[in-house]
Amino acid sequence: MGKIEWAMWANEQALASGLILLTGGIVGVAGQFRGWQFAAYAVAAGFFVCLLEYPRSKRSKGTSVERSGQYCFTVCVKAFGPLTRNYYVRAFLHAAICVPGGFMLATVLGCVCLGIASLIYLAAAIRGEHWEPILPKKQETRKPIESIKQPPKDPPPRPAIADVRRKHVDDLEAAAYDNPMTVTDE
């Protein structure tokens with residue numbers, strides 16, 4: 001049985017919780033609820049979490065499927081170095097971000113989900129996982145096989161021997177085509 005990669009689950013959980021936190025913050029600000037300042041904070045925090053969590057990490061084994069448009073976010077996350085690559089830092093960062101979201105009903109769900117993602121990141125860090133960027137692979141250009149110099153000139157089906165295919169012009173009787181049916185012009 002394979003080893004579970006906890007960071008993959010934490011990434012999905014944190015991205016979903018960032019979207020939930022962002023949505024709850026927008027609802028709180030638009031509704032002008034009491035303590036709407038916490039909702040404004042939740043909008044900014046949810047946006048930050050989504051930017052941080054959008055690029056997927058490279059898996060240790062198997063294939064790594066990147067999200068569409070992930071490359072520009074990968075460059076940004078990679079630029080911060082150990083602050084974003086280390087899962088201990090991410091665990092404590094998400095735990096700190098989710099605390100103010102608990103003071104308003106519209107953002108509580110996003111806060112709880114982000115707290116769960118923080119615990120999963122802590123489990124990934126304890127197991128020694130870290131974030132690796134998925135970089136695009138260089139496309140290998142295949143050279144054409146040198147044995148094929150020119151494309152075939154005769155339409156298919158082609159006999160195997162070249163001499164059988166072509167009729168020699170010097171032997172006109174053999175090269176002539178006899179039509180078995182008579183053609184009359186009316």
Side-chain angles (χ1 to χ4, degrees), residues 1-140:
M1 199 145 209
K3 179 181 150 185
I4 295 175
E5 293 188 32
W6 291 95
M8 179 180 63
W9 298 106
N11 178 261
E12 296 294 330
Q13 178 72 25
L15 183 62
S17 64
L19 292 171
I20 293 168
L21 195 61
L22 179 67
T23 305
I26 290 171
V27 168
V29 169
Q32 290 291 312
F33 295 158
R34 188 173 348 146
W36 65 271
Q37 294 86 359
F38 291 113
Y41 166 79
V43 169
F47 186 72
F48 172 73
V49 168
C50 288
L51 287 179
L52 179 65
E53 296 297 331
Y54 189 73
R56 282 188 180 140
S57 175
K58 186 177 183 182
R59 297 182 65 190
S60 60
K61 290 184 179 177
T63 58
S64 302
V65 180
E66 65 178 328
R67 291 187 174 104
S68 60
Q70 166 179 323
Y71 180 71
C72 59
F73 296 110
T74 301
V75 171
C76 295
V77 171
K78 188 179 172 186
F80 286 102
L83 289 176
T84 54
R85 294 177 71 144
N86 190 344
Y87 287 147
Y88 282 114
V89 174
R90 283 196 187 193
F92 293 118
L93 179 67
H94 289 327
I97 287 175
C98 77
V99 170
F103 294 113
M104 185 173 196
L105 185 61
T107 59
V108 166
L109 181 61
C111 168
V112 170
C113 291
L114 196 58
I116 293 169
S118 173
L119 292 174
I120 299 171
Y121 267 131
L122 187 60
I126 290 171
R127 285 175 174 76
E129 298 178 28
H130 62 282
W131 188 81
E132 285 292 325
I134 301 175
L135 299 174
K137 296 178 183 177
K138 294 181 180 178
Q139 296 288 337
E140 292 184 17

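Note: hydrogens, waters and symmetry copies are ignored here, and every other heavy atom, side chains too, is used.
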**Complete:** Leu21 and Ala45 have their tightest heavy-atom pair at CD2-CB, 4.1 Å
**Asked** Any ion pair linking Arg56 and Glu12 (charged N to carboxylate O, less than 4.0 Å)?
**Response** yes
**Message:** Less than 4.5 Å apart, side chain to side chain, heavy atoms only: is that true for Tyr41 and Ile97?
**Reply:** yes
**Prompt:** Where do Ala7 and Ala124 come nearest, in terms of heavy atoms and distance?
**Reply:** N-CB, 3.7 Å
**Request:** Would you sort out whether Thr84 and Val89 count as a side chain to side chain contact (heavy atoms under 4.5 Å, CB included), showing the intermediate values?
**Result:** CA-CA 7 Å; Thr84 54; Val89 174; over 6 Å; no
**Asked** What's the verdict on side chain to side chain contact (heavy atoms under 4.5 Å, CB included) for Tyr87 and Ile126, showing C-alpha distance, side-chain angles and the deciding distance?
**Response** CA-CA 9 Å; Tyr87 287 147; Ile126 290 171; over 6 Å; no
**Request:** Could you tell me whether the side chain of Glu53 and the main chain of Ala14 form a donor-acceptor pair under 3.5 Å?
**Result:** no
**Message:** Return the CD1 to OG1 distance between Ile26 and Thr107, rounded to the nearest 0.5 Å.
**Reply:** 12.5 Å
**Request:** Measure up the Phe103 and Phe38 rings against each other and bin them: parallel (under 30°), tilted (30 to 60°), perpendicular (over 60°).
**Result:** tilted
**Item:** Atom pair CH2/CH2 of Trp9 and Trp6 - distance to nearest 0.5 Å
**Value:** 9.5 Å
**Complete:** Distance col, row His130:NE2 vs Arg90:CZ, nearest 0.5 angstrom, shows 12.0 Å
**Message:** As an exercise, state the distance from OG1 of Thr23 to CG of Leu109, rounded to the nearest 0.5 Å.
**Reply:** 10.0 Å
**Complete:** Heavy atoms of Gly110 and Ser17 approach each other most closely as O-CB, 4.0 Å
**Asked** What is the minimum heavy-atom distance between Met104 and Ala39, and which atoms define it?
**Response** SD-CB, 3.5 Å
**Request:** Write down the atom of Tyr121, the atom of Asn11, and the distance for their closest heavy-atom approach.
**Result:** OH-CA, 3.5 Å
**Request:** Working to the nearest 0.5 Å, report the span between CG of Leu15 and SG of Cys113.
**Result:** 12.0 Å
**Request:** Using the side chain to side chain contact (heavy atoms under 4.5 Å, CB included) rule, take Ile4 and Arg127 through it: C-alpha gap first, then chi angles, then the decisive distance, then the call.
**Result:** CA-CA 10 Å; Ile4 295 175; Arg127 285 175 174 76; over 6 Å; no
**Request:** Report, as yes or no, whether the 6.0 Å neighbourhood of atom CH2 on Trp131 holds more than 12 heavy atoms from other residues, nucleotides or ligands.
**Result:** yes
**Message:** Could you check whether atom CG of Leu83 has more than 12 heavy atoms from other residues, nucleotides or ligands sitting under 6.0 Å from it?
**Reply:** yes
**Message:** Hydrogens and angles aside, do His94 and Gln13 bring a side-chain donor and acceptor to less than 3.5 Å of each other?
**Reply:** no
**Prompt:** CZ of Phe47: more than 12 outside heavy atoms within 6.0 angstrom?
**Reply:** no
**Request:** Would you give the length of the straight line joining atom CD1 of Ile116 to atom SG of Cys111, rounded to the nearest 0.5 angstrom?
**Result:** 10.0 Å
